[in-house]
J.: 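The structure that follows is given in the form of structure tokens.
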Amino acid sequence: MGEMIQIAPSILSADFANLASQIHSVETGGAQLLHLDVMDGHFVPNITFGPPVVASIRKVTKLPLDVHLMIDDPDRYINDFAKAGANWISVHAEACVHLDRTLNEIRKRGLCAGVVLNPATSLTVLEDILGLVDFVLIMSVNPGFGAQEFIPYSFEKIQNLRKIIDQKGLSVKIEVDGGIKLDNVCELVRKGAEIVVSGSAIFGSENPGEQVKAMIKRASKCYEI
Ligand code: DX5
Ligand code: ZN
């Protein structure tokens, strides 16, 4: 540990008519990744956007694009998202029948590959594939919507995953997504999260960039104990 937390603002709660300026705000505030939530209305009960929007976003920011695919059968779209400029792609374990193949498809394009676990999915699904991923995304809400309540048992899950990764001597990063705001970011850092996604807490505020700054500042204090 000791490394600073990385903030990945999720544009799900941004003002889509002013997306470029909202992205610039969080970029200026110190965000290290931009989290893009892709939903298909099947895997999750909501629809967002696809590769053309990712390609447009690619043109207005230098931030790495962290594309979270909440879609059935994501294999069909890996290539399109890679071409659109995604840097990180994560797929849900629950949506992939051939998860090993899907992760390899992401890796062979030179992108960071991540596996996402819903709250009800056990860490045991990671056992054989942890060496194939650059990051694990732990959902701390049931995916589909922004501004939901953080599920408290996620803390223990993060702590357990931290132990497994450290015991194996891997450098897999832990990202957490859902219900994260100023008041729980510290506990996440202490449990071993390295990247936190935050949507409504950042884009629901007056000044998204200032909110990112405040989160980084709050998280930096959690290490000093
Ligand atoms: C939920 C999405 C999240 C969401 C987080 O399905 O994957 O990335 O945007 O939003 P907040 O921070 O509002 O919970
Ligand atoms: Zn997400």
Side-chain angles (χ1 to χ4, degrees), residues 5-16 19 22-23 25-26 29 31-50 53-54 57 63-72 74 77 81 86-95 106 112-121 133-155 157-158 173-189 193-206 208-209 211-212 214-216 218-219:
I5 193 100
Q6 299 197 323
I7 308 290
S10 159
I11 63 161
L12 189 61
S13 298
D15 174 2
F16 279 75
L19 202 46
Q22 297 247 294
I23 290 170
S25 173
V26 295
Q32 284 101 337
L33 279 174
L34 196 66
H35 187 82
L36 307 181
D37 288 305
V38 176
M39 305 185 185
D40 67 353
H42 289 271
F43 180 69
V44 289
N46 197 3
I47 299 175
T48 55
F49 51 81
V53 172
V54 175
I57 292 171
L63 288 174
L65 302 181
D66 167 28
V67 177
H68 174 191
L69 297 180
M70 285 161 276
I71 62 178
D72 280 336
Y77 297 100
F81 284 105
N87 302 95
W88 296 31
I89 294 183
S90 58
V91 294
H92 274 258
E94 306 85 4
I106 300 170
C112 288
V115 61
V116 196
L117 303 185
N118 278 338
T121 302
V133 299
D134 297 289
F135 65 105
V136 175
L137 176 52
I138 298 291
M139 290 309 300
S140 41
V141 297
N142 289 291
F145 305 95
Q148 302 182 81
E149 279 291 302
F150 183 92
I151 298 175
Y153 64 71
S154 313
F155 285 130
K157 202 167 175 182
I158 294 157
K173 295 219 179 283
I174 303 178
E175 181 175 22
V176 188
D177 185 5
I180 300 170
K181 25 178 111 70
L182 270 179
D183 65 8
N184 55 11
V185 75
C186 228
E187 196 58 22
L188 289 167
V189 167
E194 292 154 302
I195 304 151
V196 298
V197 177
S198 182
S200 54
I202 290 175
F203 290 106
S205 77
E206 255 334 71
Q211 197 61 27
V212 172
M215 277 195 164
I216 294 172
R218 177 73 62 95

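In this text, all values refer to a predicted model and were calculated from it rather than measured experimentally. We count ligands from 1, going down the list as the structure has it; atoms in each ligand are counted the same way. The analysis underlying the following values was restricted to heavy atoms, covering all of them including side chains, and did not include hydrogens, waters or symmetry mates.
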J.: Select the closest option to atom 9 (O) of ligand 1 among Ala147, Ser10, Ser90, judged by heavy-atom distance.
T.: Ser10
J.: Parallel under 30°, tilted from 30 to 60°, perpendicular over 60°: which one fits the rings of His68 and His92?
T.: parallel
J.: For Lys157 and Asn118, work out which heavy atoms get closest and say how close.
T.: NZ-O, 3.0 Å
J.: Heavy atoms only: which of Ser140, Pro143, Gly146 is nearest to atom 10 (O) of ligand 1?
T.: Gly146
J.: Taking all heavy atoms of Ile106 and all of Cys112, pick out the closest pair and write down the distance.
T.: CG2-O, 3.8 Å
J.: Quick one: look up the protein heavy atom nearest atom 13 (O) of ligand 1 and list residue, atom name and how far away it is.
T.: Ser200 OG, 2.6 Å
J.: If every non-hydrogen atom of His35 is compared with every non-hydrogen atom of Ala8, which pair is closest and at what distance?
T.: CB-O, 3.8 Å
J.: I'd like to check whether Val197 has a polar contact with ligand 1, where a contact means an N/O of the residue lying under 3.5 Å from an N/O of the ligand.
T.: no
J.: Before signing off on this row, confirm whether Ser198 and ligand 1 have an N or O atom pair separated by under 3.5 Å.
T.: no
J.: Kindly report the NE2-the Zn ion (ligand 2)-OD1 angle for His35 and Asp37 respectively, rounded to 10°.
T.: 90°
J.: Please indicate whether any nitrogen or oxygen in Val141 is less than 3.5 Å from any nitrogen or oxygen in ligand 1.
T.: no
J.: Could you tell me if any non-hydrogen atom of Lys181 lies under 4.0 Å from any atom of ligand 1?
T.: no
